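In the text below, chain A, chain B and the rest are named by the order of the sequence lines, each starting its count at 1. The structure presented is a predicted model; accordingly, all values stated were derived computationally and were not measured.
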Amino acid sequence: MSPLENISEKLGTTEPWVEKGGVHWLPLGAMNVRELATAMNGLHARFVTITAYQLPKEEGFRLEYHWDLDGQLLGFSFPLADKSIESIYDLCEAVDWIEREIHEGFGLDFLGREYEPLLLRQGETPGVNLRDAVAASNAVAASKEKK
Amino acid sequence: MSYKIPMGPYHPALEEPYKLDLICEGETVCDSKLRIGFNFRGIEHLAETRNYIQVVALMERVCGICSNIHTLTLCQAMEGLTGLTPPPRAKYIRVIMAELERLHSHVLWAGIAAKLMGFKTMFMTCFEIREKVMDVLCAISGNRVNYAMNRIGGVNRDISDPQAILKMVEALELEMAHTVIPIFTTSRTAISRCANIGVLTTEKAVSCGVVGPTARASGLPQDLRRAAPYAAYAEMEFDVPVQPAGDVTARLLVRALEIMESCKILRQALAKLPPGEFHTPDDKFPFITGTATSRVEAPRGEVMYSVSWREGSRTPSRVHVRTPTFANMPAIHWMVMGARLADTPLIQASIDPCYSCTDR
């Protein structure tokens, strides 16, 4: 059994792995992120990062979780219906800073944990979407310039 | 009774923009809190406003030490979205640049570590050698810091006389083998200041997800050049130094041994540099819609770029950078627990932190 097949078995899925853009992706169906983190711990995979994507228009956000297993980069995608997802900080210490950074940069909430600010914007309230904040301040500057 | 010592940002014992609040009992650290973000630049967001040429120049500025690594990782990801494959010569030149950068970074770190040990003559020696590494980088690229070597589909400049570069590398190797490495590994000053301090156990290294020399000095044999080879690393013979102790001495030894391994790789790459083009002929190429990810073993550990593009767009829709210091720095909390206050500057320096990368 290959390492990837072994992971599928541990995760209890028969979905095939797809290698795309340098990552081995596995569709997870109904599995939630905490079940995934528990399975990754069991496999001794190394947590790499979470990448947040703000989708166009009103489509919301997508989070991509990455783990490394013996040099293979594994990817798992979670679309967010609302602006929150369960935190895995209590299961995986290494996610601490990236969960905090995403909270501060995209305004997403990782439920079940407390935040200390990383101070991406010193003195400002954490937990706002920086992209929206920058777009709003640019719009104000542009309207002032027009006047 | 415990008391708090706020170190940083911009503290005399911590000349970097981050904050380490140390809770001490007497001279012993019993807790700590880290804060970053004092120089947050929003580069990921800025990258979404740059075209495929501008974004390479922008991401080179993420880090002032391993600038080449950032463009290499970015270009490899963008090559995944354009279908371009760099010619073999370009892959070898990428290896040469990456290893010279590792030398430059490790020697710079050795100098700073020497200064923090109170071994200032060694600081001067290291920086003198670092200048010579930068001379080699300048001879290849024309630049000392931001080399502008990588492009999508290859590199911007050829190495026309590999033998001349090889001679410079051999001279460097000799100097490092005869001065830096023996002094760091045998001097009483280095040993007494580094042994058994700032210990990160293998278990903690795993749970914190640390990377690079910090992980290898805690007994984890992870190195992307070996585990997931990129550029021409699959054709190079080298060892991955691992030390089990997890203390500052182990981090020092891993980097010292890596300096010698880098010289070994450089000699092979320069001797076997294949003939041919050093970039693909196309200057214009379409991007496909999708996300591509690339990882590279930077001097401080794994760098990962995820780049998303929509077909027909002039700019990326997302560039995410995971830098090694971002992964390594939270482990400082565990390294300083139980340490003497006076050792904390050296302990935090022992991961070779880069705040430019962290506050990208």
Check: chain A: which of B:Ser306, B:Gly80, B:Ala327 shares the most heavy-atom pairs with it under 4.5 Å?
Finding: B:Ser306

Item checked: Sorted by number, residues from residues 227-234 of chain B in contact with chain A (heavy atoms, under 4.5 Å) -> B:Ala227, B:Ala228

Checklist line | From A:Thr49 atom OG1 to B:Phe326 atom CZ, the distance as rounded to the nearest 0.5 Å | finding: 7.0 Å

Check: chain B heavy atoms under 4.5 Å from A:Leu55: which part of the residue, side chain, backbone, both or neither?
Finding: neither

Margin query: Suppose a student defines contact as a heavy atom less than 4.5 Å from any heavy atom of chain A. Which residues in residues 200-213 of chain B would they list?
Written below: B:Lys204, B:Ser207, B:Cys208, B:Gly209, B:Val210, B:Val211

Notebook entry, point to check: Quick one: what part of B:Arg310 sits under 4.5 Å from any heavy atom of chain A, side chain, backbone, both or neither?
Noted result: side chain

Next item on the list: Against chain A, label B:Arg225 side chain, backbone, both or neither, depending on which of its atoms sit under 4.5 Å from a heavy atom there.
Entry: neither

Notebook entry, point to check: Rounded to the nearest 0.5 Å, what separation is found between the CZ atom of B:Phe40 and the CD atom of A:Glu101?
Noted result: 6.5 Å

Check: Which heavy atom of B:Met304 sits nearest a heavy atom of A:Val48, and at what distance?
Finding: SD-CG1, 3.6 Å

Notebook entry, point to check: Which of residues 287-301 of chain B have a heavy atom under 4.5 Å from any heavy atom of chain A?
Noted result: B:Thr291, B:Ala292, B:Thr293, B:Arg295

Next item on the list: State, with a plain yes or no, whether a side-chain heavy atom of B:Pro330 is found less than 4.5 Å away from one of A:Asp96.
Entry: no

Item checked: Residue B:Gln76 versus chain A: region with a heavy atom under 4.5 Å -> neither

Note to self: If the contact rule is any heavy atom under 4.5 Å from chain A, which residues of residues 311-321 of chain B qualify, in numerical order?
What the structure shows: B:Arg318, B:His320

Item checked: Distance in Å, B:Thr358 OG1 paired with A:Trp97 CH2, rounded so as to fall on 0.5 Å steps -> 6.5 Å

Note to self: If we define contacts as heavy-atom pairs under 4.5 Å, which of A:His66, A:Gln72, A:His44, A:Glu93 has the most with chain B?
What the structure shows: A:Glu93

Next item on the list: Against chain A, work out which of B:Arg226, B:Arg41, B:Glu48 has the most heavy-atom pairs shorter than 4.5 Å and name it.
Entry: B:Glu48

Item checked: Leading residue by heavy atom contact count with chain B [cutoff under 4.5 Å; candidates A:Val95, A:Asp68, A:Leu73, A:Val23] -> A:Leu73

Margin query: Taking atom CD as the centre, does A:Glu9 end up with more than 12 heavy-atom neighbours from other residues, nucleotides or ligands that are less than 6.0 angstrom away?
Written below: no

